[in-house]
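To start, the structure under review is shown below, and the notes come after it.
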Amino acid sequence: MPVTPDVQTDTHLINDDLAPIKTRSWAWPDYLFLWMSNVHSVAGYVTAGSLFAMGLPAKDVFVALILAICIVQVASNLVAKPSFLSGTPFPVTIRMVFGVKGALVPAFVRGAIAVGWYGIQTWLASNALLILGLKLWPQIAPWADTAHHGFIGLSPLGWATFMTVWLLQLCIFWRGMDAIRHFIDWAGPTIYVMMIALDGWLLWQTHGHINFHVFGAVEKTGFTPRLLGILNAMALTIAFFSPIILNFGDFARYGKTMRDIKMGNFWGLPVNFMGFSILTLATIALTQPVFGRIIIDPVETVTQINSMTVLIVGMATFLTATIGINISANFVSAAFDFSNLAPHILSWRRGGIIAALGAILVMPWNLYTRPELIHFTLDILGAFIAPLIGILLADYYSVQKKKLVPSALYSMNPNDAYWYKNGTNPLAILSLIAGVCCGLIVLFVQPYAALQNFSWFFGFCAGGLLHICLNRLPLLASKQNQPVA
């Protein structure tokens, strides 16, 4: 059962948003809709489509997507448990690993990554609004020309649509978690309606014929080459979802029961994702015979249809779905992380404002434009996120043996469980540095170039295993504070 104690706290470690949750109202359908919002986005569609640039056959891409999402499901269930029991968001839960002061490091890392993703998703959503504007008012096209009127890589019209989506998301966020929950409850399913209708129209154009051999992929012979291709695609897919895995504790704390969380994750991940993957693969395959070329961007696909009604409905759907994932997966987590930096000064909403401003400064339109750049961005972000996930799971399930002291998460008393050494656990910090370095070495050191898509796995394993090993060394482990059940 969840624990929500009347904790004795230090004012520099808590505010109303970081305190243990008192009202738990999320049932399993809420988690299903949460994952729908996280999966059904332009970024998710484009990422899946970009896997074809690797030269994989459609069936291998499909296998990779399904296997990867099952790993995401297991990892999300494991991450959920400590936050569910303590009723706390990630930046508070992670204090049990890094110490009440040392936890500022992983929280800041996660916050910075969330800002990057928030900017990327905002930009992708704004593209739908930009295209809609150009179709409705063709005379404004010169203001969409970056070469002639651009400012730091974005046209004036691009800036206008980007800031419109930016403000819309801020308004939804400002209304609080309950409003966010209601928004994602209908945002995720809407894209299913649009994609089914789009596939129906495309199939009508091809008289019901669909060919999955249109991608120009070279069928690899032999077990090993095909396996390596599938593993590479799996690694990229897991890297795409890794921020959501790490952030899942922010939502698990609201769950009525762990059964609700696990059931929602089951329907929202392998089942829902399988349906989304089938629709994505079918849509991309059908663009070749209908439009004469492969189109991996759903926004571009809709613009090819000569119907203003379809365009307006399609753009509104993609905009809604992408805003759903952006708020749930990135905005909420970044707000918690930045609030955690100074809880007595920064509320959750103030942390959200910092995150929103940061999303502009990262200039996301430079991070997600081409398949190879998409994969590189996923690898870089995954190199920082993966060790955090590995260390969190290793600590809670192996080092702490599933023991958690919620009151100690808010205490600077040197005798409490999570004080460690002056408020910081040096073993966790060392494990994080080593895990990140391991992932970056695989990415940037030339002899390991062939393994760069696996940087997530290297970072995850290096961080988690090193943390376990360091805590089992008698000399080091004896110096750590041990929590009591």
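The residues of the chain are indexed from 1 along the displayed sequence.
With a 4.5 Å cut-off on side-chain heavy atoms, Leu18 and Pro89 count as touching. A heavy-atom distance below 4.5 Å is found between the side chains of Trp201 and Val290. At least one side-chain heavy atom of Ser339 sits under 4.5 Å from a side-chain heavy atom of Asn15. With contacts defined as side-chain heavy-atom distances shorter than 4.5 Å, the pair Asp260/Tyr254 does not qualify. Annotation: side chain of Phe183 is in contact with side chain of Ile323 (closest heavy-atom distance under 4.5 Å). Two residues are said to be in side-chain contact when any heavy atoms from C-beta on lie closer than 4.5 Å; Phe276 and Ile69 fail this criterion. The shortest distance between side-chain heavy atoms of Asn247 and Val332 does not fall below 4.5 Å. At least one side-chain heavy atom of Trp123 sits under 4.5 Å from a side-chain heavy atom of Asn127.
A salt bridge (Lys or Arg N to Asp or Glu O under 4.0 Å) check over residues 108-118, counting only residues at least two apart or in different chains, returns the pairs Arg110-Asp250, Arg110-Asp337. Pairs passing the salt bridge (Lys or Arg N to Asp or Glu O under 4.0 Å) check and including a residue from residues 67-79, sequence neighbours excluded, do not occur. Sorted by first and then second residue, the pairs that involve residues 62-83 and meet side-chain hydrogen bond (donor to acceptor under 3.5 Å, both in side chains), not counting sequence neighbours, are Asn77-Asn265, Ser83-Thr93.
Taken from CZ in Phe173 to SG in Cys171, the straight-line distance is 11.5 Å, to the nearest 0.5 Å. The CG atom of Leu168 sits 7.0 Å away from the CD1 atom of Ile327 when rounded to the nearest 0.5 Å. Between atom CD1 of residue Ile66 and atom CE of residue Met234 there is a gap of 11.0 Å, rounded to the nearest 0.5 Å. Once rounded to the nearest 0.5 Å, the distance linking CE of Met274 with CG of Leu279 reads 12.5 Å. For the atom pair CD1 (Ile389) and CG (Leu246), the distance works out to 5.0 Å, reported to the nearest 0.5 Å. Here the CD1 atom belonging to Ile295 is positioned 11.5 Å from the CG atom belonging to Leu286, to the nearest 0.5 angstrom.
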Task: Step-by-step side-chain contact (heavy atoms from CB on, under 4.5 Å) determination, Arg350 to Ile354 - done: CA-CA 7 Å; Arg350 289 176 179 174; Ile354 294 173; 5.8 Å; no
Task: Leu440 and Phe384: CA distance, side-chain angles, deciding distance, side-chain contact (heavy atoms from CB on, under 4.5 Å) verdict - done: CA-CA 9 Å; Leu440 293 178; Phe384 284 89; 4.3 Å; yes
TODO: Kindly determine whether Tyr396 and Leu85 satisfy side-chain contact (heavy atoms from CB on, under 4.5 Å), including the steps that lead there.
DONE: CA-CA 12 Å; Tyr396 178 71; Leu85 290 176; 3.2 Å; yes
Task: Step-by-step side-chain contact (heavy atoms from CB on, under 4.5 Å) determination, Thr161 to Val165 - done: CA-CA 6 Å; Thr161 55; Val165 176; 5.6 Å; no
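Taking every heavy atom of both residues into account, Ile261 and Ala80 meet most closely at CG2-CB, 4.0 Å. For the residue pair Ser242 and Trp456, the shortest heavy atom distance occurs at CB-NE1, 3.0 Å. The two residues Ile140 and Gly133 come nearest to each other via the heavy atoms CD1-O, 3.8 Å. The shortest heavy-atom contact between Phe338 and Ala112 is CZ-N, 4.4 Å. Residues Asn340 and Ala107 share a closest heavy-atom pair of ND2-CB, 3.8 Å. Smallest separation of non-hydrogen atoms from Gly158 and Leu130: N-CD1, 4.3 Å.
For Trp166 and Phe162, the distance between ring centers is not under 6.0 angstrom.
Put simply, the side chain of Arg24 never gets that close to the backbone of Lys256: no donor and acceptor are under 3.5 Å apart. Listed for the Tyr397 side chain is a donor-acceptor partner under 3.5 Å among the backbone atoms of Leu78.
Of the candidates Phe251, Phe84, Phe33, Phe251 is the only one forming a ring pair (Phe, Tyr, Trp, His ring centres under 6.0 Å) with Trp26. Partner Val72 forms a side chain to side chain contact (heavy atoms under 4.5 Å, CB included) with one of Phe241, Phe240, Phe248 and no other, that one being Phe241.
Under a cutoff of 6.0 Å and an axis angle of 45°, Arg349 and Trp174 form a cation-pi pair.
With sequence neighbours left out, Glu300 forms a side-chain hydrogen bond (donor to acceptor under 3.5 Å, both in side chains) with Arg293. With sequence neighbours excluded, no residue forms a side-chain hydrogen bond (donor to acceptor under 3.5 Å, both in side chains) with Tyr31.
Counting heavy atoms of neighbouring residues, nucleotides and ligands inside a 6.0 Å radius, atom CZ of Phe291 exceeds 12 of them.
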Report all side-chain donor-acceptor pairs from residues 306-321 shorter than 3.5 Å, counting only partners two or more places apart or in another chain.
residue	atom	partner	partner atom	Å
Ser307	OG	Val310	N	3.3
Thr317	OG1	Val313	O	2.7
Thr320	OG1	Ala316	O	2.8

